[in-house]
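In what follows, every chain begins at residue 1, and chains take the letters A, B, ... in the order their sequences are listed.
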Amino acid sequence: MHNIYALMKNHLVAHILNRVADYMELRGDEFRTKAYRRAARTVEFLGEDIEDVAAQGRLRELPGIGENIAAKIEEILSTGSLSLLERLAGEYPVDLDSLLSVEGVGPKTVKLLYEELGIKTLDDLEEQARRHRIRRLRGMGEKKEAMILRNIELARSRISRRPLAYVVPLASRIKSELLELEGVRRVEVAGSIRRGRETVGDIDILVTATDPHRVMDHFTSMDLVEEVVVKGPKKSTVRLREGLDCDLRVFDDEVFGAALLYFTGSWEFNVELRRIAISSSMKLSEYGLFRGDERVAGRTEAEVLEALGLTYIEPELRENRGEVAAAAEGKLPDLVNLSDIRGDLHMHTLFSDGIDAMEYMAEYASILGREYIAFTDHARYIDDVDAYLRAAERIEDVEVLAGVEVNILYDGSLEVPDKILQDFDLVVASIHDPGNITERLLRAMEHDPVDIIGHPTGRVLGSPDPLVDMERVVERASELGVALEVNSNPLRLDLRDTHVRMAVDAGCRIAINSDAHSRGALENIRWGVITARRGWAEPDDVINTMGIRKLRRWLGN
DNA sequence: GCCGTTTTCGGCCCGACTGTTTTCAGTCG
């Protein structure tokens, strides 16, 4: 279904359509803006090659794509660009991306700034603001000018999304601080944190409280707060010292479920729910599900979903990737939980580049409730295999598999002969340098001793994903009975969610491992579980939910 | 520009907040 080249073409088309939407918005053409945005989203989230769809004449079957936009997509696919976009860009020759990235500046303001002051770039904007030219414009004033000046700095130094694992502790701290306030009944972290997205742009928190003003006062004066962006009785936004924004909203108990649903998103998921509501002559908002003026649901998420004819949908699934249709048919997966994880099959100790001894790793793993673990030190560090195996054998806190992590070389061969690998209970094969990933993985899996492919694509958050034809990898892994790893290192999360979904659909097993290099990092497995859940994985898809006996049989030892 | 067990024309999510106004436009989520 997915392959990387398709996604690249899809991305190009979506990008250009979004660009057109920006200009339409600038022109004030509200409805064409929406039409182009919707079409862009459709293409971006389409799970197949847009070129195939075009070749088969099916473009117009896609939601939000009609005669006109279909023709535009054809043009983009055949020429790589769009004449309409060039015309629009000529009409307003401004650096749209930069200007729109200034908080508080939208398309209407960009238009005004360009037409009145000829502002095209961030530098132009800064200069005119410093010269107090902005405040003279209609609808502007001293405060707006000062705000723009402040936010230009932020736009320039904008820190992009943070890893989930970095933001969760921050959100938890705010949550517990709010929970201590008198009259606060409920506090929930919503947004992309609740959905478990691998990176997070801001923190969304919802509360119910008897005295909203008091909550807002406390929230906006927390130690963590750098600056109050907005403050009202129902909604406040602060910029935290860590550099990201945090929103707080207060709701009544009767609508808390609807609000939680709404502010958990995703946006695409919400659109889908609203569509269902409308088709049943109802209206869904953060204040509940309404038929006419009567609220038919709102107290809990489950209540709202049920009233829409849907079973409960776990937050990790709410990305409009088919979960709504599955919920309508009662066919959602029974997702894997952290408590289903019985062992950890990838970790390092003092025998290679880990910082803790086998004993300490085992002790802590046991505290975390793991029934078994596999030591998988790097093969090149293990010069005395027997000593390594004996050391692993002496561990008592948990069942131990004496494993090894072996490098996949550039030609797809392994750095250690199969004959030696056979002495280990478990072999994780992984790539640690870029290039030729697909072919190397396919070749490495052919080696009989290999049980698991570690961090298959080698991607690291913040860098572009390496090119991998995951469809082929997943298919071959499934045939050969090799498991693909979900590496739980919060900067890897590799396989990523969409790849997990491909693996699960293909019947390929996955292993959710910590790849810990220290005791503490054993806890990282929670991030891998979230990623697997986002990929629709059930316990049976995951080899380390098996008991040790069953796992040993699966491994063939 | 798209779309239809409300419609082939007339809608398109909508509420909160701010700064600018003197009743509202723009932005954000």
Side-chain angles (χ1 to χ4, degrees), chain A residues 17 20-42 59-73 84 88 99-113 134-148 150-151 190-192 200-206 212 216 220 228-239 245-251 255 258-259 261-292:
Chain A
L17 293 178
V20 172
D22 286 337
Y23 283 109
M24 291 296 174
E25 197 165 4
L26 199 136
R27 283 175 141 195
D29 193 338
E30 188 186 343
F31 299 115
R32 276 190 187 78
T33 301
K34 279 179 182 152
Y36 276 99
R37 288 244 192 272
R38 178 159 181 233
R41 238 174 257 118
T42 294
L59 282 177
R60 294 198 53 189
E61 293 170 20
L62 302 176
I65 294 177
E67 190 180 359
N68 201 306
I69 293 186
K72 303 247 186 327
I73 293 175
L84 169 68
L88 291 167
L99 293 173
L100 291 177
S101 71
V102 178
E103 183 105 3
V105 173
K108 294 283 158 51
T109 310
V110 169
K111 180 179 170 119
L112 180 74
L113 292 170
I134 309 284
R135 63 177 66 175
R136 299 184 201 161
L137 300 178
R138 182 179 175 74
M140 297 287 160
E142 273 184 55
K143 284 194 176 179
K144 270 246 167 93
E145 189 177 79
M147 177 202 72
I148 285 173
R150 229 176 32 245
N151 287 342
S192 53
V200 173
D202 62 2
I203 303 176
D204 289 302
I205 299 179
L206 308 185
M216 289 306 185
T220 52
V228 179
V229 181
V230 295
K231 183 181 178 188
K234 295 188 169 175
K235 181 202 162 179
S236 295
T237 301
V238 297
R239 183 155 298 132
D245 286 357
C246 180
D247 285 355
L248 182 72
R249 290 182 172 81
V250 182
F251 287 94
V255 305
L261 197 60
Y262 184 88
F263 287 104
T264 296
S266 63
W267 195 88
E268 289 79 8
F269 172 81
N270 286 349
V271 168
E272 194 60 29
L273 290 194
R274 263 183 253 124
R275 195 162 290 157
I276 291 177
I278 290 166
S279 74
S280 316
S281 310
M282 295 190 283
K283 198 189 85 165
L284 179 63
S285 75
E286 62 266 50
Y287 295 106
L289 181 65
F290 295 88
R291 176 169 277 124

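Spacing of C1' atoms, B/dG11 relative to B/dA16, comes out at 24 Å, to the nearest Å. B/dT5 and B/dG1 have their C1' atoms separated by 24 Å, with the value rounded to a whole Å. One P atom belongs to B/dG15, the other to B/dT21, and the distance between them is 26 Å to the nearest Å. Of the P atoms belonging to B/dC13 and B/dT18, the separation is 25 Å, rounded to the nearest Å. Taking the P atom of each, B/dT20 and B/dA25 are spaced 16 Å apart, rounded to whole Å. Going from the P atom of B/dT23 to that of B/dC28 covers 26 Å, rounded to whole Å. Comparing the same atom, P, in B/dC12 and in B/dT7 gives a spacing of 15 Å after rounding to whole Å.
The side chain of A/Y287 lies closest to B/dA16, out of B/dT20, B/dA16, B/dG26. Counting only heavy atoms from C-beta on, A/K34 has its side chain closest to B/dC12 among B/dT20, B/dC12, B/dC17. For A/E286, taking side-chain heavy atoms from C-beta onward, the closest of the listed nucleotides B/dG15, B/dC2, B/dC17 is B/dG15. Distances from the side chain of A/K283 to the nucleotides B/dT18, B/dG15, B/dG29 place B/dG15 closest. Taking every side-chain heavy atom of A/N68 into account, B/dG1 is the closest of B/dT20, B/dC17, B/dG1. For A/A35, taking side-chain heavy atoms from C-beta onward, the closest of the listed nucleotides B/dG15, B/dT6, B/dG1 is B/dG1. Listed nucleotides: B/dC17, B/dT27, B/dC14. Nearest to the side chain of A/P107: B/dT27.
Screening A/V200, A/T264, A/I203 for a side chain to side chain contact (heavy atoms under 4.5 Å, CB included) involving A/S192 leaves a single residue, A/V200.
Atom pair A/L62:CG and B/dG1:C1' shows a separation of 15 Å (rounding to whole Å applied). Following rounding to the nearest Å, A/R249 (CZ) and B/dC14 (C1') show an atom-to-atom distance of 12 Å.
In this structure, A/V271 reaches neither bases nor backbone, as no heavy-atom distance under 4.0 Å exists between it and the strands shown. Looking at heavy-atom distances under 4.0 Å, A/T237 makes no contact with the nucleic acid at all. When heavy atoms are screened at a 4.0 angstrom cut-off, A/E67 is found touching the sugar-phosphate backbone but no base atom. If you check every strand for non-hydrogen atoms under 4.0 Å, A/S279 touches sugar and phosphate atoms only. When heavy atoms are screened at a 4.0 angstrom cut-off, A/M24 is found touching no nucleic acid atom at all. No engagement by A/L284 is indicated, since no non-hydrogen atom pair under 4.0 Å with the nucleic acid exists. Heavy atoms of A/F263 sit nowhere under 4.0 angstrom from any nucleic acid atom. Residue contacts shown for A/E25 are absent, as no nucleic acid heavy atom lies under 4.0 Å away.
In this structure, A/N151 contributes its side chain and A/V102 its backbone to no donor-acceptor pair below 3.5 Å. In this structure, A/T42 contributes its side chain and A/P63 its backbone to a donor-acceptor pair below 3.5 Å. Listed for the A/S285 side chain is a donor-acceptor partner under 3.5 Å among the backbone atoms of A/Y287. Checked by atom type and distance alone, the side chain of A/E145 pairs as donor or acceptor with a backbone atom of A/I134 at under 3.5 Å.
With DNA chain B read from its 5' end, the first of the two nearest nucleotides for A/R38 and A/K234 is the one closest to A/R38. When each of A/G66 and A/D202 is assigned the nucleotide of DNA chain B bearing its nearest heavy atom, the one mapping closer to the 5' terminus is A/G66.
A/R37 has a carboxylate O that lies under 4.0 Å from a charged side-chain N of A/E25, or vice versa, which qualifies the two as a salt bridge.
Pairing of B/dC14, defined by two Watson-Crick or G-U wobble distances under 3.5 Å, is identified with B/dG29.
Stacking of the aromatic ring of A/F31 onto the base of B/dC2 is not found under the criterion of centres within 5.5 Å and planes under 30°.
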